[in-house]
Amino acid sequence: MVIGLKYQYFETLKSNNDFKKVYNNKKSYANKLLVMYVKKNGTDTIRLGVSVSKKVGNSIVRHRLARLIRESFRLHSKNIIRGLDVVVVARASLKGCSYNETDSAMLHLMKLHKIMKEDL
RNA sequence: UGAGUAGCACAGAUGAUUGCGGCUGCAAUUGCCAAAAGGCAGCAGGUGAGGAAAGUCCGGGCUUCAUAGGGCAGGGUGCCAGAUAACAUCUGGUGGAGGCGACUCUAAGGAAAGUGCAACAGAAAUAAACUGCUAAUAUAUUUAUAUUAUAAUUUAUUUAUAGUAUAAAUAUAUUGGUGAUGGUGGAAAGGCAGUGUAAGAGACUACCGCAAAGCUGGCAACAGUUUUGGCUAUGUAAACCCCACUCGAAGCAAGACCAAGAUAAAAGCGAUACGGCUGCCCGUCGUGCUUUUAGGUAGGUUGCUUGAUUUUAUUGGCGACAGUAAAACUAGAUAGAUAAUCAUCACACGAUUGCGUGGACAUAACCCGGCUUAUCGUGCUGCUCAUUUU
RNA sequence: GCGUCGCUAGCUCAGUUGGUAGAGCACCUGACUCUUAAUCAGGGUGUCCAGGGUUCGAACCCCUGGCGACGCA
């Protein structure tokens with residue numbers, strides 16, 4: 001039981017090349033607050049990359065938005081299909097939004113991409 | 001009570017659930033890997049951003065490189081004394097400016113070492129000329145007086161014209177005197193008042209200012225005072241410059257260690273070798289394999305948090321600060337952790353007593369000392385001024 | 001971490017030993033034309049990024065800050 005917990009967690013995209021691969025797949029959906037890119041990576045894990053431009057705000061704002069996105073993704077990661085690279089880009093209108101707004105925007109995009117497991 | 005001034009402290013608190021990064025532990029009894037050391041995961045415990053962490057504007061530690069010694073160039077600083085590891089910082093003074101005051105501000109050396117610049121305006125911008133004032137002489141003109149001549153008129157006389165003399169004024173010229181009158185300007189030749197003079201002028205006088213020398217006080221900057229002197233010397237050095245002091249360069253992506261792959265060298269094996277076509281032979285094509293060493297890429301480890309540290313007490317000092325003693329250990333990430341939700345309390349605002357809304361600026365990245373800038377609000381202390389009351 | 005450069009009219013840019021800021025395009029007005037364009041004549045529309053300081057005087061010199069661009073490791 002202890003071993004299985006590892007698969008609840010997700011890894012992060014680190015290098016610039018990883019981001020470029022996801023962008024070049026050109027599968028994206030967007031709403032007012034966020035843009036989401038998805039690509040199958042052929043492994044058993046989920047990998048998340050968060051990108052917040054300098055136009056959005058200063059370091060405090062950017063860091064907070066990244067944390068909100070990461071928290072939302074973490075809480076939903078149980079229900080996401082394995083083997084995906086996901087990149088989430090925050091838009092300028094996300095500045096000042098609360099966790100609930102961010103969470104609903106994430107859910108909306110995940111439904112559009114159909115990466116949620118049907119049951120549960 | 002109101003207005004102000006100087007400074008200090010804080011930067012919401014507690015709890016619950018779900019999470020993240022370091023650290024410690026898992027011992028006889030957590031799981032997996034491993035010969036072991038240990039690693040990965042899990043569990044438990046404890047811990048986890050600031051007053052500015054920001055800007056990167058100064059200074060230092062640390063590291064590497066360079067460096068016999070000295071000088072030039074270039075940069076920085078610039079009243080005095082002190083503090084400090086050091087500083088463009090700080091403390092205490094001095095001078096200056098502002099404020100009724102508490103208090104605040106002050107890049108504040110040198111302009112007789114030299115060079116440059118000073119638009120427009122103004123006579124003229126550093127230095128004389130011009131203009132002005134004024135004396136004498138000459139000439140000219142005008143006026144007044146005196147006198148002479150002529151003419152007219154009349155009783156005397158008077159009037160007109162011309163000449164001469166004297167005086168005054170004006171103009172011109174010459175020879176002198178004088179030195180600031182000249183609208184401007186940021187700045188105009190010490191200021192102001194008087195005496196004086198042909199006219200004037202520090203030429204002289206009083207007061208003020210300036211300079212030099214002496215004395216007193218002070219470590220010093222400087223202050224006070226006395227005497228003397230002449231009034232000559234514009235401003236600008238955040239213009240060049242001079243003087244005094246001072247500065248080697250680069251930066252933790254510094255640097256150190258380990259080290260895949262690839263490269264190079266050496267040694268060994270192999271031309272009877274190894275590999276492919278091809279199961280074997282022939283044929284043909286290619287040249288390797290192992291070990292060690294070297295520098296060292298990717299990557300990893302370290303540098304890396306025990307320090308000019310923090311807190312308390314005490315001693316010295318006006319103070320910055322320094323000494324002594326005791327206690328404490330308080331983030332260390334590496335695409336980058338410190339979050340989400342809820343409850344209660346406190347605070348602010350709005351409503352009016354139930355409630356609703358709200359949380360400034362800003363996220364460590366080797367470490368310190370400062371400076372500058374941003375900022376919701378809260379609390380406290382010293383002092384000043386005004387008004388009222390006692 | 002260290003360093004360099006820039007910010008001037010609506011746009012692109014000049015402007016230095018400090019003296020009241022200009023060029024081209026655009027724009028506005030008028031002329032020409034049946035009308036438009038082209039052409040001609042006239043017009044400057046500006047917080048010289050912001051705030052302090054030095055100076056008689058600052059776009060220019062000095063300091064502090066803001067924004068933007070770039071370079072090295």
Side-chain angles (χ1 to χ4, degrees):
Chain A
M1 100 177 192
V2 175
I3 299 167
L5 285 177
K6 180 180 179 182
Y7 289 92
Q8 282 192 3
Y9 307 129
F10 56 92
E11 300 181 356
T12 53
L13 287 172
K14 306 209 173 186
S15 73
N16 196 20
N17 282 335
D18 291 339
F19 277 87
K20 274 181 181 172
K21 280 178 194 166
V22 179
Y23 288 142
N24 288 335
N25 197 35
K26 296 181 178 171
K27 280 189 64 179
S28 75
Y29 287 101
N31 60 17
K32 202 176 181 181
L33 302 177
L34 297 168
V35 184
M36 185 181 280
Y37 294 80
V38 173
K39 184 184 190 303
K40 288 182 184 174
N41 61 1
T43 66
D44 214 11
T45 57
I46 312 174
R47 297 199 292 174
L48 172 70
V50 181
S51 168
V52 187
S53 158
K54 252 188 182 177
K55 292 177 193 170
V56 177
N58 60 14
S59 129
I60 305 246
V61 173
R62 282 184 270 127
H63 197 173
R64 176 168 170 84
L65 296 184
R67 285 195 306 247
L68 288 175
I69 291 167
R70 210 182 301 134
E71 175 72 9
S72 167
F73 195 82
R74 184 181 71 80
L75 292 175
H76 295 297
S77 60
K78 287 179 189 171
N79 304 331
I80 295 175
I81 302 169
R82 302 281 123 198
L84 291 173
D85 283 352
V86 179
V87 171
V88 180
V89 179
R91 314 183 84 170
S93 52
L94 188 66
K95 184 179 175 182
C97 287
S98 68
Y99 172 75
N100 286 331
E101 294 172 274
T102 310
D103 195 34
S104 62
M106 287 287 288
L107 276 174
H108 175 241
L109 288 176
M110 284 193 264
K111 280 174 188 164
L112 286 176
H113 274 291
K114 297 178 181 170
I115 59 174
M116 304 289 285
K117 290 177 183 170
E118 292 299 325
D119 51 353
L120 293 174

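Letters A, B, ... are given to chains in the order of the sequence lines, protein chains preceding strands, and every chain is numbered from 1.
Look at the C1' atom in both rA128(B) and rU172(B): the space between them is 27 Å, to the nearest Å. Comparing rU39(C) with rC120(B), their C1' atoms sit 41 Å apart, to the nearest whole Å. Taking atom C1' on both nucleotides, rC371(B) is separated from rA52(B) by 12 Å, rounded to a whole Å. Rounded to whole Å, the C1' atom of rU197(B) lies 26 Å from the corresponding atom of rG229(B). The separation of rG12(B) from rC376(B), taken at their P atoms, amounts to 14 Å, rounded to a whole angstrom. Separation of the P atoms belonging to rA189(B) and rU226(B) is 30 Å when rounded to the nearest angstrom. Nucleotides rG177(B) and rA188(B), compared at atom P, are 29 Å apart to the nearest Å. Taking atom C1' on both rU12(C) and rG53(C), the two are 34 Å apart, rounded to the nearest angstrom.
For Leu65(A) and rA340(B), the CG to P distance is 11 Å, given to the nearest whole Å. The interatomic distance linking Arg67(A) (CZ) with rA340(B) (P) rounds to 6 Å, in whole Å. Rounding to whole angstrom units, CD1 of residue Ile69(A) and C1' of rG19(B) are separated by 17 Å. Counting to the nearest Å, the P atom of rC20(B) and the CG atom of Leu68(A) are 17 Å from each other.
Across all strands shown, rA374(B) remains unpaired; no Watson-Crick or G-U wobble contact has both distances below 3.5 Å. Across every strand in view, rU166(B) sits in a pair with rA144(B) that passes the Watson-Crick or G-U test at under 3.5 angstrom. Partner assigned to rA59(C) is none, using Watson-Crick or G-U wobble distances below 3.5 angstrom. Applying the Watson-Crick and G-U wobble criteria (two distances, each under 3.5 Å), rA119(B) pairs with nothing in any strand. The pairing partner recorded for rU272(B) is none, the criterion being a Watson-Crick or G-U wobble arrangement whose two distances lie under 3.5 angstrom. With a cut-off of 3.5 Å on both pairing distances, the Watson-Crick or G-U wobble partner of rA138(B) is rU172(B). Figure legend. rU64(C) is base-paired to rA50(C); pairs are counted as Watson-Crick or G-U wobble with both atom distances under 3.5 Å. Look at rA325(B): its Watson-Crick or wobble partner, with both distances under 3.5 angstrom, is rU312(B).
rG75(B) takes the anti form, because its glycosidic angle lies more than 90° either side of 0. An anti orientation is assigned to rA149(B), its glycosidic angle lying beyond 90° of 0. Glycosidic torsion of rA152(B) falls outside 90° of 0, placing the base in anti. rG51(B) has its base syn relative to the sugar, with a glycosidic angle deviating from 0 by at most 90°. Against the 90° criterion about 0, the sugar-base torsion of rG202(B) places it in the syn range.
Between Arg70(A) and rA337(B), a side-chain N or O to OP1/OP2 separation shorter than 4.0 Å is present.
Separation of atoms CE (Met110(A)) and CG (Leu112(A)) is listed at 11.0 Å; rounding is to 0.5 Å.
Counting all heavy atoms, side chain and backbone alike, Val35(A) lies closest to Ala30(A) at CG2-CB, 3.9 Å.
Checked options Lys111(A), His113(A), Met36(A); the residue passing with Tyr29(A) is His113(A) (criterion: side chain to side chain contact (heavy atoms under 4.5 Å, CB included)).
For His108(A) (side chain) and Asn31(A) (main-chain N/O), no donor-acceptor pair under 3.5 Å exists by modelled atom type.
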Practice problem: Would you check, one step at a time, whether the test side-chain contact (heavy atoms from CB on, under 4.5 Å) holds for Val50(A) with Phe73(A)? | Solution: CA-CA 11 Å; Val50(A) 181; Phe73(A) 195 82; over 6 Å; no

Exercise. Check the pair Val88(A), Leu109(A) against side-chain contact (heavy atoms from CB on, under 4.5 Å), reporting the backbone distance first and the verdict last.
Key: CA-CA 10 Å; Val88(A) 180; Leu109(A) 288 176; 5.8 Å; no

